Amino acid sequence: MPIKGALFDFSGTLFRIEPVRSWLAATLAERGVRVDEAAFERYATELEAFGALPGGANPKRMPEELAAGWAHRDENAELHRAVYTGLARQVALPDPGLYDALYERHRSPAAWHPYPDAAEVLEGLRAAGVRIGVVSNIGWDLRPVFRAHGLDRYVDAYVLSYEHGVQKPDAHLFHTACTLLGQDPANVVMVGDDRHADGGAAVLGCEVRFVRHLPVDERPDGLRELGLTEKVA
C-alpha cells in the first residue's frame, strides 16, 4: 500500500537526548555549582547507573519504591517527574536544588539534538503530500523542542502518552494518530526504535519500520535509509 501518513517516535528516532555528562555539566553551570573532576565523574556515573536521565539509558539499579511508577511513568506528567527525580535522588548531589534542575534541563530544547537526516526526511514526506504525526511515550510537552529546532512545521499531529493516560504499545495512541491524520492505518507507516513499544502500531495494520537507537554522530542517515519517500502514493 502507498504511504499517505507517517508516524514517528520522538526519543531515539527523530531526536536524541544529550549525554549524561553534558546534561550534568549544563545543570551545574545553570545552578552555579562547582565540583572537582573526581566528584563530577562520580555523580555522572551514578546518575547514569540509576537511569536518571529521561531518554537516556535505562536504570541498572531500580529502587524498589520506584519500580511500580517506572512501569507507568509516561502516563502522566506528575508521575514522570516523580520517578525521574526519585532516581536522581539516589545520588547524593551537593545541592538539593539540582534534582529538579536536572529534570528541567532535560525538557529544554538545548538538551535535544535532531538526527542529521531528520529534517530532510520530514521535508521530503511533507513535500510529497504525506501527513506526519509524532507518537511518543513521554511525560511532558515536547512541542517546544520541535519548534526550537525547526521541525514543528512538518508535523500535523502530536499524540503524547501523558496527554492520553496510556503508553505505547497501546493501540489507542496509534489509532488516535491515524484519525488525526485522516488516514487509514493500512496507508500509514510507523517509524520507531523500540520493537515492543513502536511495534504496537502493527495491530492496526500499520507498516512498522525501525531505526537503531544510537548517538546522533553514529547514525547520520538511519532515517534516510528506510526509503520512506519511495513508497509515497
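None of the values given here were measured: they were computed from a predicted structure.
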Worksheet, complete the sentence: Nearest heavy-atom approach of Ser22 to Glu18 is CB-OE1, 3.6 Å
Discussion item. With clusters defined by side-chain heavy atoms of hydrophobic residues (ILVMFWY) lying less than 4.5 Å apart, directly or transitively, does Leu125 cluster with Leu180?
Written reply: no
Fill in: Any side-chain heavy-atom pair of Pro63 and Leu87 under 4.5 Å
yes
Practice prompt. Please round to the nearest 0.5 Å and tell me the distance separating atom CG of Asp117 and atom CG of Asp221.
Written response: 6.0 Å
Item to complete: Compute the ring centroids of Phe146 and Tyr154, then answer whether they are less than 6.0 Å apart.
Response: no
Worksheet item: What is the ring orientation for Trp70 with Tyr84, classed by angle as parallel under 30°, tilted 30 to 60°, or perpendicular over 60°?
Response: perpendicular
Worksheet item: Which heavy atom in Pro220 sits nearest to a heavy atom in Pro116, and how many Å separate them?
Response: O-CB, 3.6 Å
Discussion item. Does Leu47 form a side chain to side chain contact (heavy atoms under 4.5 Å, CB included) with Leu53? I'd like the steps, not just the answer.
Written reply: CA-CA 7 Å; Leu47 286 166; Leu53 173 59; over 6 Å; no
Discussion item. What I want to find out is whether Arg126 reaches Glu123 closely enough, with some N-O distance under 4.0 Å, to be called a salt bridge.
Written reply: no
Worksheet item: Roughly how far apart are Ser161 OG and His72 NE2, rounded to 0.5 Å?
Response: 12.5 Å
Worksheet entry | Short side-chain to backbone donor-acceptor contact, Ser108 and Arg105, under 3.5 Å | yes
Worksheet item: Run the side chain to side chain contact (heavy atoms under 4.5 Å, CB included) check on Leu7 and Cys178 step by step: do they pass?
Response: CA-CA 8 Å; Leu7 305 177; Cys178 290; 4.3 Å; yes
Item to complete: For the pair Arg143 and Glu163, find out whether any cationic side-chain nitrogen is under 4.0 Å from an anionic carboxylate oxygen.
Response: yes
Response to the item:
Nearest heavy-atom contact between Pro114 and His149 is CD-ND1, 3.6 Å
Discussion item. Please determine whether residues Leu79 and Leu142 belong to a single hydrophobic cluster, defined as Ile, Leu, Val, Met, Phe, Trp and Tyr linked transitively by side-chain heavy-atom distances below 4.5 Å.
Written reply: yes
Item to complete: Check whether any side-chain N or O of Asp74 sits under 3.5 Å from a backbone N or O of His80 as a donor-acceptor pair, and report yes or no.
Response: no
Worksheet item: Going through the checks in order, is the side chain to side chain contact (heavy atoms under 4.5 Å, CB included) test met by Phe8 and Leu228?
Response: CA-CA 12 Å; Phe8 290 87; Leu228 297 175; 3.8 Å; yes
Worksheet item: Does Asp9 reach the side chain of Met190, with side-chain heavy atoms less than 4.5 Å apart?
Response: yes
Discussion item. Please find the pair of heavy atoms, one from Val83 and one from Leu66, that lie closest to each other, and give the distance.
Written reply: O-CD1, 4.0 Å
Worksheet item: What's the verdict on side chain to side chain contact (heavy atoms under 4.5 Å, CB included) for Leu93 and Val35, showing C-alpha distance, side-chain angles and the deciding distance?
Response: CA-CA 10 Å; Leu93 297 177; Val35 299; over 6 Å; no
Item to complete: Using atom types as modelled and distance alone, determine if a side-chain donor or acceptor of Asp156 lies under 3.5 Å from a backbone N or O of Ile132.
Response: yes
Discussion item. I'd like to know whether CZ of Arg195 has more than 12 heavy-atom contacts from other residues, nucleotides or ligands below 6.0 angstrom.
Written reply: no
Item to complete: Would you verify whether the NZ or CZ of Arg219 falls within 45 degrees of the ring axis of Tyr115 while also being under 6.0 Å from that six-membered ring's centre?
Response: yes
Fill in: Common cluster, Val135/Val166, ILVMFWY with side-chain heavy-atom separation under 4.5 Å
yes
Fill in: Spacing of SG belonging to Cys206 relative to CG belonging to Asp184, to within rounding of 0.5 Å
8.5 Å
Worksheet item: Shortest non-hydrogen contact from Gln167 to Ala71?
Response: NE2-O, 3.2 Å
Worksheet item: Under a 4.5 Å cut-off applied to non-hydrogen side-chain atoms, are Leu24 and Leu28 in contact?
Response: yes
Discussion item. Hydrophobic cluster membership, with links at side-chain heavy-atom distances under 4.5 Å among I/L/V/M/F/W/Y: are Val159 and Val130 in one?
Written reply: no
Worksheet item: Taking all non-hydrogen atoms of both residues, which atom of Leu98 and which atom of Pro94 are closest, and how far apart?
Response: CD1-CD, 3.9 Å
Discussion item. Students often mix this up, so state it plainly: with edges at 30° and 60°, are the rings of Trp140 and Trp112 parallel, tilted or perpendicular?
Written reply: tilted
Item to complete: Kindly say whether Ala101 contributes a backbone atom to a donor-acceptor pair with the side chain of Arg31 at under 3.5 angstrom?
Response: no
Practice prompt. Look at the side chain of Tyr162 and the backbone N and O of Glu78, then say whether any donor-acceptor pair between them is shorter than 3.5 Å.
Written response: no
Worksheet item: Under a single-linkage definition using a 4.5 Å side-chain heavy-atom cutoff for Ile, Leu, Val, Met, Phe, Trp and Tyr, are Leu214 and Trp23 assigned to the same hydrophobic cluster?
Response: no
Worksheet item: Are Glu218 and Arg212 close enough for a salt bridge, meaning some N to O gap below 4.0 Å?
Response: no
Fill in: Atom pair CG (Asn137) and CZ (Phe10), whose distance is rounded to the nearest 0.5 Å
12.5 Å
Worksheet item: Salt-bridged, Lys168 to Asp198, with N to O below 4.0 Å?
Response: yes
Worksheet item: Given side chains that start at C-beta, do those of Glu48 and Arg21 come closer than 4.5 Å, heavy atoms only?
Response: yes
Item to complete: State the CZ-CG distance between Arg81 and Asn76, to the nearest 0.5 angstrom.
Response: 12.0 Å
Worksheet, complete the sentence: Rounded to the nearest 0.5 angstrom, the CD-CE distance for Glu65 and Met62 is 9.5 Å
Worksheet entry | Heavy atoms from other residues, nucleotides or ligands near NE2 of His175 exceed 12 (cutoff 6.0 Å) | no
